Amino acid sequence: MDVLNQLQRQYTDFTALLYREGFVDDNFTQVQKLQDESSPDFVVEVASLFFEDCEKLVNNMAEALEQQDVDFKQVDSHVHQLKGSSSSMGAARIKNVCIAFKTFCETQNRDGCLRCLQQVNHEHTQLKTNLQALFTLERQIVANGGSIPVMQ
Amino acid sequence: MESGAVHTQQQEEEKQKQQKEEEEEEKRKQQKEEEEEEEEEHFHVLAVDDSFIDRKLLERLLKESSYQVTLVDSGDKALEYLGLLDSIDNVNATSSSQSPQQECIYGEIRPGLGTDIFTGMKVNLIMTDYCMPGMSGYDLLKRVKGSYWKDVPVVIMSSENIPSRIRMCLEEGAEEFLLKPLQLSDVEKLQTHLLKSPEKYSSIRIDDSSFNTESSSNITVSSKSNIASKRKALSPEIEERRPKLKGLAVV
């Protein structure tokens with residue numbers, strides 16, 4: 001099997017895994033659909049923006065949760081933002097953590113919030129690593145003169 | 001003899017130079033007209049969302065469908081863009097006097113046609129997120145509907161599917177309520193809202209038999225794209241008087 005074929009196979013398998021494991025969902029497919037020749041780096045750009053935003057929000061949440069008197073409304077608004085952007089991005093696991101996170105904010109459960117924050121961090125790192133691997137595969141496929149397989 | 005010949009040659013050269021200049025001027029004018037026509041032919045959407053990822057996605061979606069897009073990150077910025085920030089009711093002050101420049105370009109102009117009388121700026125559609133810090137999409141909707149932009153369709157977007165919220169927005173005059181994340185098919189659907197009342201949005205964009213236009217040009221908007229085919233060119237005089245659009249795009 002030649003290099004290109006191998007890469008494309010790898011790509012398809014890896015993508016399938018990401019969906020299967022719930023790292024990404026259908027919304028991510030929608031984002032990918034928006035990429036074309038006029039906007040060839042669209043997904044990478046959006047992903048970078050998302051991860052930057054995620055980090056910022058996580059820092060804000062951490063700060064808010066460190067206070068003596070936690071302003072849960074503040075934390076909740078950050079979580080709401082993250083929930084929205086992770087949903088738009090198709091970052092399913094992060095979005096799901098946010099749903100639980102919101103509940104803890106509403107019940108003003110500091111420990112619960114801190115646990116969720118940790119989970120968000122964890123999922124963020126994992127997704128970032130996974131997507132970076134995906135993008136690398138894409139670049140390699142293109143470099144070898146192939147086209148990126150389309151997800152069914 | 002010689003001086004006579006030289007004189008003619010000079011004249012000849014001058015004439016040629018003049019001709020060439022005129023040709024280039026004509027070309028430049030044509031190009032400018034074409035660019036402006038292109039600007040005019042695309043529907044202009046004002047998109048309001050506090051999430052910059054959503055703005056990025058929306059921008060891509062809209063541009064993919066050939067819309068012109070202006071993005072702002074808050075209701076206040078949207079009002080500022082629309083000239084509504086100083087809650088003075090501009091409608092009464094200006095509805096009586098029609099500025100001649102508007103008459104020439106747009107034919108019949110009335111407040112609420114989706115075009116600002118002062119700047120000639122046009123907005124064909126407003127899309128706003130519902131949940132935003134400060135002014136919500138619903139508040140923005142109310143402000144717009146209570147202003148001279150009231151005839152511009154407003155679409156509300158939300159990540160939450162709450163029937164009472166949807167009802168409230170539709171009752172307040174929202175054209176459509178879309179669930180996020182938006183898809184290309186959602187955006188394509190919006191075209192029908194834009195084309196619903198053609199005479200309201202531009203008197204020269206769409207061929208409507210009820211109009212008494214001098215030119216018999218057939219202007220049609222295909223259902224596939226929202227780009228109107230060529231309309232008659234503006235006269236240079238008018239071009240000069242028309243102010244340029246000043247975008248406040250913030251991403």
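What you are looking at is a predicted structure, and each value in this text was computed from that prediction instead of being measured. Residue numbering restarts at 1 for every chain, and letters A, B, ... go by the order of the sequence lines.
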- Which residues share a side chain to side chain contact (heavy atoms under 4.5 Å, CB included) with B:E171, sequence neighbours left out: B:R167

- Item | Nearest heavy-atom neighbours spanning B:I53 and A:F50 | CD1-CA, 3.3 Å

- Query: Which bit of B:L182 is near chain A, if near means a heavy-atom gap under 4.5 Å: side chain, backbone, both or neither?
  - Reply: neither

- Item | Interface moiety of B:L57 toward chain A, non-hydrogen atoms closer than 4.5 Å | both

- Item | Residue pairs, two or more places apart or on separate chains, that pass ring-ring contact (aromatic ring centres under 6.0 Å, His included) and touch residues 159-182 of chain B | none

Distance-only criterion, 3.5 Å: which donor-acceptor pairs connect chain B and chain A?
residue, atom, partner, partner atom, Å
B:D54, OD1, A:S88, OG, 2.3
B:K56, NZ, A:E45, OE1, 3.2
B:R60, NE, A:L34, O, 2.9
B:R60, NE, A:S39, OG, 3.4
B:R60, NH2, A:L34, O, 3.4
B:R60, NH2, A:D36, OD1, 3.0
B:R60, NH2, A:D36, OD2, 3.2
B:R60, NH2, A:S38, OG, 3.3

